[in-house]
Number of protein chains: 2
Amino acid sequence: MSYVLSGKRAVAEETRRAVEAAIAELGFSVNTVARSLRTGRSSIVALIVPDLSNPFYAQLAASLQEELRTLGLHVMVCDTKADRDEERAYLREAVQQRFAGVVITPFRLVAKDFLPLSEAGVPAVVSADLPFGEMDLVTPDARAAMRAALTEVTRAGRRRIAMIAGPRDATGGDPRLELLRALAVQFGITLPGRLIVRGEHTREAGAAGFAYLMGMKHRPDAVFCANDVVAIGAMDKAEELGVGIPGDVALVGHDDASFASLVRPRLTTVRYPAADVGRAAARLLVERADGRVARRTVRVKAEFISRGTI
Amino acid sequence: MSYVLSGKRAVAEETRRAVEAAIAELGFSVNTVARSLRTGRSSIVALIVPDLSNPFYAQLAASLQEELRTLGLHVMVCDTKADRDEERAYLREAVQQRFAGVVITPFRLVAKDFLPLSEAGVPAVVSADLPFGEMDLVTPDARAAMRAALTEVTRAGRRRIAMIAGPRDATGGDPRLELLRALAVQFGITLPGRLIVRGEHTREAGAAGFAYLMGMKHRPDAVFCANDVVAIGAMDKAEELGVGIPGDVALVGHDDASFASLVRPRLTTVRYPAADVGRAAARLLVERADGRVARRTVRVKAEFISRGTI
DNA sequence: GTGAAAGCGCTAACAG
DNA sequence: CTGTTAGCGCTTTCAC
């Protein structure tokens with residue numbers, strides 16, 4: 001392609017004008033495919049998420065995009081619907097298409113699914129609770145926030161705590177559950193296995209899990225949810241069942257997705273700031289492009305948001 | 001690349017095994033960039049939308065993806081935040097990257113912004129209320145649904161109808177407003193310009209618009225909204241202002257985004273089925289790939305959903 | 001300051 | 001059934 005467009009070497013004024021005229025007349029536009037073939041890198045960054053209808057990820061996308069656009073990088077969002085084959089398909093696509101980078105929240109992937117990525121040298125940052133091999137990591141620091149949640153729950157006199165957790169076969173188990181368990185003992189509370197319900201991160205699963213818990217002889221008086229989508233499902237079911245929230249049962253969500261403040265009562269939740277995650281991921285990606293090779297981890301602080309469900 | 005992978009011609013069993021062994025050992029994977037350069041087409045379809053945090057578009061994305069994946073096409077979602085420069089940037093990217101197709105809901109684009117696309121021969125389908133040049137179109141048929149909404153509104157004794165519409169510089173003006181106006185006269189109602197507020201398709205704009213309307217000497221007793229996000233914003237403000245919904249003011253949304261049934265009272269709305277739109281768009285894209293050249297329009301029927309805000 | 005040419009990895013056409 | 005080759009449009013190097 002002409003040096004006029006790339007600006008990589010000096011060009012005489014006269015030549016430049018001639019070229020520009022030709023470009024305008026022919027409607028010429030660079031073929032970035034050829035460029036990518038030559039350079040081995042495209043300008044697309046893939047954001048791979050389990051559920052695009054969860055506004056948390058939409059926000060993450062917006063923030064990542066904003067950070068990256070000044071660098072001429074384009075973000076494309078891939079929705080895997082929490083399906084491992086889809087996750088792998090997009091990862092494969094990322095290397096085949098020689099993407100500039102990948103930001104991914106894995107849901108059912110295991111470490112070795114990332115091998116092709118690292119072999120191909122596609123920079124990747126994982127947004128998850130646990131590290132993944134060589135990848136850079138953006139991870140929540142939710143300890144203080146969860147402790148605050150537990151403080152409020154116990155102060156309200158609740159002792160029988162349940163959790164509607166993620167599916168058993170999810171990547172890394174459910175670290176939010178582990179954290180809750182670990183913290184609960186500090187309050188003299190144990191979470192018996194029977195009070196742990198598992199399901200997808202969907203409204204339906206939230207409803208089903210809540211229904212199950214409410215069908216028990218000794219109902220819990222507080223329910224933590226894997227995320228806000230699940231919590232909303234629980235609220236659906238509570239209304240259907242005539243279970244008062246927070247009168248009969250306290251409810252705690254996770255993420256602070258946009259609709260958490262929409263429902264009535266407003267959902268008390270542990271906020272994980274999507275915009276910060278996006279910014280951190282963008283920064284890690286840029287550093288990689290600038291040549292960093294060492295693995296890095298960025299912790300993003302979560303925050304307890306007390307609203308109306310405790 | 002080897003014919004083993006592409007399956008485009010018969011290969012002896014022995015050869016196949018040798019090749020497959022080599023592939024496994026070297027961790028070889030096709031370079032689709034080179035393929036795209038050669039064939040002039042990638043396998044990516046871009047879905048370009050104004051607001052990814054509106055779950056309507058997330059659903060559209062999911063449906064489009066589902067339809068296209070069997071054809072080996074990958075959907076990548078681009079969020080333009082209703083910004084014309086972003087819209088153009090993604091359109092440009094689509095031709096430079098030789099995308100297999102584009103599905104777009106234009107927000108501030110004008111017809112000539114599509115020229116590069118059609119010149120480059122990238123198949124595009126527009127999801128909008130109005131046609132766009134040569135592009136295929138998926139468009140709502142909302143007449144009956146809007147009439148049903150007006151019927152319920154007038155039956156409730158409301159006569160002073162306002163609308164919180166989209167911005168004045170939006171692509172095609174605001175056809176939803178035009179439709180409302182046209183239909184209202186059939187009910188002997190006119191919508192004075194003073195009762196039309198304009199703003200972005202955001203919660204904030206909805207709140208601001210509603211506040212403005214409530215500040216008038218002769219308040220409207222029914223408010224139609226450009227979409228559900230705007231309607232939610234109006235509800236935020238109604239609560240803040242102590243305005244009863246539907247007691248003091250009836251409210252009608254548009255789209256039936258997932259959170260319409262989440263708020264209390266539940267939002268009455270004109271449902272535009274995102275999944276059907278995605279399917280229609282996929283079909284149009286496929287037909288184009290199969291060689292159709294004539295422009296096509298698919299109408300998708302909207303439906304009035306009566307809930308709690310009239 | 002500019003021109004020429006190699007080569008990225010693939011597909012498709014042609015020859016055996 | 002298989003081998004060979006041109007060429008997609010770009011970047012980069014080398015020569016002028």
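Please read all numbers here as calculations on a predicted model, not as lab measurements. Convention: sequence-line order gives letters A, B, ...; per-chain numbering from 1.
Take E287(B) and apply the side chain to side chain donor-acceptor pair (under 3.5 Å) test, not counting sequence neighbours, and it matches R292(B), R296(B). For R203(A), the side-chain contact (heavy atoms from CB on, under 4.5 Å) partners at least two apart in sequence or on another chain are V229(A), I232(A), D236(A), S261(B), L262(B). Checked against side chain to side chain donor-acceptor pair (under 3.5 Å), E93(B) has the following partners two or more places apart in sequence or in another chain: S43(A), H74(A), Q97(B). For D85(B), the side chain to side chain donor-acceptor pair (under 3.5 Å) partners are R88(B), not counting sequence neighbours. Residues satisfying the side chain to side chain donor-acceptor pair (under 3.5 Å) criterion with D169(B), sequence neighbours excluded, are R108(B). Partners of S118(B) by side-chain contact (heavy atoms from CB on, under 4.5 Å), not counting sequence neighbours, listed by chain and number: M135(B). With sequence neighbours excluded, the residues that form a side-chain contact (heavy atoms from CB on, under 4.5 Å) with A275(A) are S63(A), R279(A).
Across all strands, V11(A) comes closer than 4.0 Å only to sugar-phosphate atoms, never to a base (heavy-atom distances). If you check every strand for non-hydrogen atoms under 4.0 Å, T32(A) touches nothing.
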Set out, line by line, the N/O atom pairs under 3.5 Å between protein and nucleotides 13-15 of chain D.
{"residue": "dT13(D)", "atom": "O4", "partner": "Y3(A)", "partner atom": "OH", "Å": "3.0"}

Listing time: all N or O pairs from protein to nucleotides 5-8 of chain D that are below 3.5 Å?
{"residue": "dG7(D)", "atom": "N2", "partner": "R38(B)", "partner atom": "NH1", "Å": "3.2"}

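Inter-residue side-chain proximity for E200(A) and P167(A) is flagged as met; some heavy-atom pair is nearer than 4.5 Å.
When all heavy atoms of F107(B) and H201(B) are compared, the pair lying nearest together is CE1-ND1, 3.4 Å.
The nearest whole Å value for the distance from the CZ atom in R16(A) to the P atom in dG1(C) is 10 Å. Regarding R98(A), its CZ atom lies at a distance of 11 Å from the C1' atom of dC10(C), rounded to whole Å. The CZ atom of R35(B) sits 21 Å away from the P atom of dC10(D) (whole-angstrom rounding).
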Which pairs of donor and acceptor atoms, one on a side chain in residues 120-132 of chain B, lie under 3.5 Å apart (sequence neighbours left out)?
none

Return a table of donor-acceptor pairs under 3.5 angstrom between the side chains of residues 53-62 of chain A and protein atoms on other chains or two or more places apart.
{"residue": "S53(A)", "atom": "OG", "partner": "D51(A)", "partner atom": "OD1", "Å": "2.7"}
{"residue": "N54(A)", "atom": "OD1", "partner": "F56(A)", "partner atom": "N", "Å": "3.0"}

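Across its full length, the helix from dG1(C)-dC16(D) to dG16(C)-dC1(D) shows an angle of 40° between the axes of its 5 terminal pairs at either end, rounded to 10 degrees.
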